[in-house]
Structure formats: structure tokens, C-alpha cells
Amino acid sequence: SSSSEPHGRERELERLGEAYEAAKAERAPTLFLKGPSGAGKSFLVSAFCRKLGDQGGPLLVGKCSAGGSTPYAPWIQIVDALSQQLLVGGNARAEESGHKLRARLGNVAQCLIDWVPGLRFILGEVPAIPDLGPRESQARLSLALQRFLSACNQRRRPLIVLVDDVQWSDTASRVLLEDLLASQEARKFLVIVTCQMPDALGGLVDRIQERGADPCWIEIGALDPESS
């Protein structure tokens with residue numbers, strides 16, 4: 001049997017599959033995978049995506065790093081990964097994507113180009129954005145991120161967005177995560193959040209529930225020796 005399959009994780013893979021089917025019906029839950037470092041949380045998600053093969057949408061990974069990171073680092077990684085996907089199809093596809101994205105992003109497109117300058121190859125010229133205070137700037141970024149993910153999503157092959165090791169995330173990234181999870185857009189693709197210590201999330205789960213989100217926990221514990 002292949003070492004790329006997580007043995008003993010059949011039930012967890014089944015739950016990921018159920019959540020992915022729910023995303024196709026625009027009813028996706030938010031999945032929180034919790035477990036100690038090395039338990040195989042990210043490996044499980046990668047294995048699930050391999051199992052989906054061509055039936056699945058792209059896996060977009062934003063990794064949070066211990067010891068502080070660049071503000072918005074996981075989201076910059078996710079937007080960059082998605083922009084690379086858009087460029088893979090060649091110039092014609094990139095141009096078609098650019099028209100669609102410009103229309104969807106409207107006057108907030110420049111926020112994302114500031115994050116990922118390569119997006120300019122897809123979006124072309126976009127309106128300048130005015131300077132705003134910190135809170136308004138963050139709200140504008142939230143809106144841009146949600147519109148971007150939504151515009152790139154396909155109902156038959158929803159995106160799979162993995163925010164990995166969220167306990168190490170910076171405050172700004174966490175605000176964007178909270179806004180995304182509380183939005184209706186997040187029901188249309190699968191958002192998976194991994195964490196080692198749920199207590200370190202600072203009330204995020206309670207807040208998204210208050211805002212109408214549907215978090216589901218999957219515990220990734222040590223495997224029974226019989227299963228490995």
C-alpha cells in the first residue's frame with residue numbers, strides 16, 4: 001500500500017469528503033483540525049486532495065509561522081498560489097480571468113496587487129486606492145480577499161483553502177480569517193483551519209459562531225498502533 005495514504009484515517013477522510021460535497025451545495029462548514037505537532041493534519045489534507053484528483057479544486061495553503069511573521073502572510077501565500085493557477089492556462093485564460101476579476105473586485109483590486117505584484121499580469125491597470133485608517137483598510141482587504149476567492153471558485157470543483165497552524169497567525173491575518181468564515185462566500189468553498197492549541201485562538205471560534213458560521217472540529221490524535 002502507498003505511503004502517501006494516511007492509514008487509519010478513513011473516518012477523517014470521509015468527513016473531509018462530506019464537507020467538500022456540502023461546499024458544492026453552498027453549505028460548507030468550516031473545518032478545524034486540531035492535534036499536536038506531527039499528528040499529520042496537513043498530510044491528511046494533502047492526501048484528501050490527491051484522492052479527489054481532477055474532481056477537486058486547487059488546494060491553496062497559507063502557512064502561519066511561529067515567532068511572528070509578516071502581517072497577512074498566510075493570505076498573501078493563498079492569493080499568490082491562486083494567481084499562479086490562473087497563469088497556468090496561458091495568456092488567453094489569464095486575460096479572460098483578468099476581465100472577470102476586474103469586474104468582481106471593482107475598486108479594491110489594488111489591495112491584492114500590493115500583496116502579490118504578479119497579479120498585475122492578470123488584472124492589468126486597476127483604479128488607485130485612497131489611504132484609509134487601519135480599521136477601514138483592513139475591512140477593504142477583507143472585502144477584496146472574499147471577492148477574489150469567490151470569483152475564482154467553481155461550483156463543481158470548489159476551492160480548498162488551508163490555513164495551517166493558525167495558532168501562530170498574526171492578529172491582522174486572524175481578523176481576515178474571522179471575516180471570511182463569517183461571510184456567506186465561505187459556504188461555497190472548503191476552508192480548513194489547522195491548530196495545535198484551540199485555546200490559543202483567542203475567542204475566534206465563538207465570534208464566528210455568533211456571526212452565523214458553522215465550525216466543525218476534527219481531532220487528529222495519535223493513531224492506534226493497530227491502525228498504522
From the options Leu105, Leu123, Ile129, Ile122, select the one residue that forms a side chain to side chain contact (heavy atoms under 4.5 Å, CB included) with Ile113.
-> Leu123
Taking only residues two or more places apart in sequence or in another chain, which ones pass side chain to side chain contact (heavy atoms under 4.5 Å, CB included) with Arg174?
-> Ser169, Leu204
Looking at residues at least two apart in the chain, or sitting in another chain, which of them share a ring-ring contact (aromatic ring centres under 6.0 Å, His included) with Phe32?
-> Trp217
Under a 4.5 Å cut-off applied to non-hydrogen side-chain atoms, are Pro74 and Asp170 in contact?
-> yes
Taking every non-hydrogen atom, the tightest pair across Ile78 and Gly62 | CG1-N, 3.5 Å
Take Lys24 and Lys188 through the side chain to side chain contact (heavy atoms under 4.5 Å, CB included) test and state the conclusion after the steps.
-> CA-CA 7 Å; Lys24 294 178 186 178; Lys188 300 174 187 174; over 6 Å; no
Leu177 and Asp179, any side-chain heavy atoms less than 4.5 Å apart = no
pair Val161-Ile192: side-chain heavy atoms closer than 4.5 Å = no
Kindly determine whether Val166 and Leu201 satisfy side chain to side chain contact (heavy atoms under 4.5 Å, CB included), including the steps that lead there.
-> CA-CA 8 Å; Val166 74; Leu201 300 188; 3.3 Å; yes
Give the minimum heavy-atom separation between Lys41 and Leu33, together with the two atoms involved.
-> CD-O, 3.5 Å
If every non-hydrogen atom of Ser150 is compared with every non-hydrogen atom of Arg104, which pair is closest and at what distance?
-> OG-NH2, 3.6 Å
Say you draw a straight line from CG of Leu112 to CG of Leu101; how long is it, rounded to the nearest 0.5 Å?
-> 9.0 Å
If you measure from CD on Glu21 to CG on Leu190, what distance do you get to the nearest 0.5 Å?
-> 11.0 Å
How would you list all residue pairs meeting salt bridge (charged side-chain N to carboxylate O under 4.0 Å, His left out) that involve residues 136-157, not counting sequence neighbours?
-> Glu26-Arg155
Between Asn153 and Leu159, what is the shortest heavy-atom contact and its length?
-> OD1-N, 2.8 Å
Can you sort out the partners of Lys63 under salt bridge (Lys or Arg N to Asp or Glu O under 4.0 Å), two or more places apart, ordered by chain and number?
-> Asp164, Asp165
Residues in side chain to side chain contact (heavy atoms under 4.5 Å, CB included) contact with Arg11, at least two apart in sequence or another chain = Glu14, Arg15, Glu18
Full working for salt bridge (Lys or Arg N to Asp or Glu O under 4.0 Å) between Asp214 and Arg27 | CA-CA 9 Å; Asp214 177 23; Arg27 290 186 288 100; over 6 Å; no
Check Cys111 against Ala144 and note the closest heavy-atom contact, atom names and distance.
-> CB-CB, 4.2 Å
If you round to the nearest 0.5 Å, how far is OG of Ser97 from NE2 of His99?
-> 10.0 Å
Once the angle between the rings of Tyr20 and Phe48 is folded into 0 to 90°, is it parallel (under 30°), tilted (30 to 60°) or perpendicular (over 60°)?
-> perpendicular
Can you tell me how far the CG atom of Leu16 sits from the SG atom of Cys216, to the nearest 0.5 Å?
-> 11.0 Å
Distance in Å, Leu60 CG paired with Ile160 CD1, rounded so as to fall on 0.5 Å steps | 8.5 Å
Please report the C-alpha distance between Leu149 and Leu180 in whole Å, then the side-chain angles of each, then the deciding distance to 0.1 Å, and finally whether the side chain to side chain contact (heavy atoms under 4.5 Å, CB included) criterion is met.
-> CA-CA 10 Å; Leu149 292 173; Leu180 176 65; 4.0 Å; yes
The salt bridge (Lys or Arg N to Asp or Glu O under 4.0 Å) partners of Asp80 (sequence neighbours excluded) come to none
Can you name the closest pair of heavy atoms from Pro71 and Ser173 and give their distance?
-> C-OG, 4.4 Å
In this structure, CD of Glu95 is separated from NZ of Lys100 (nearest 0.5 Å) by 15.0 Å
Is atom CZ of Arg207 surrounded by more than 12 heavy atoms (other residues, nucleotides or ligands) closer than 6.0 Å?
-> yes
Audit row: Gln138, Tyr72, side-chain hydrogen bond (donor to acceptor under 3.5 Å, both in side chains) steps and yes/no | CA-CA 10 Å; Gln138 197 151 45; Tyr72 304 116; 3.2 Å; yes
From CA spacing to verdict: side chain to side chain contact (heavy atoms under 4.5 Å, CB included), Leu162, Thr194 | CA-CA 8 Å; Leu162 172 62; Thr194 75; 3.6 Å; yes
State yes or no: do Val79 and Val175 share one hydrophobic cluster built from I, L, V, M, F, W and Y residues joined by side-chain heavy-atom distances below 4.5 Å, directly or via other members?
-> no
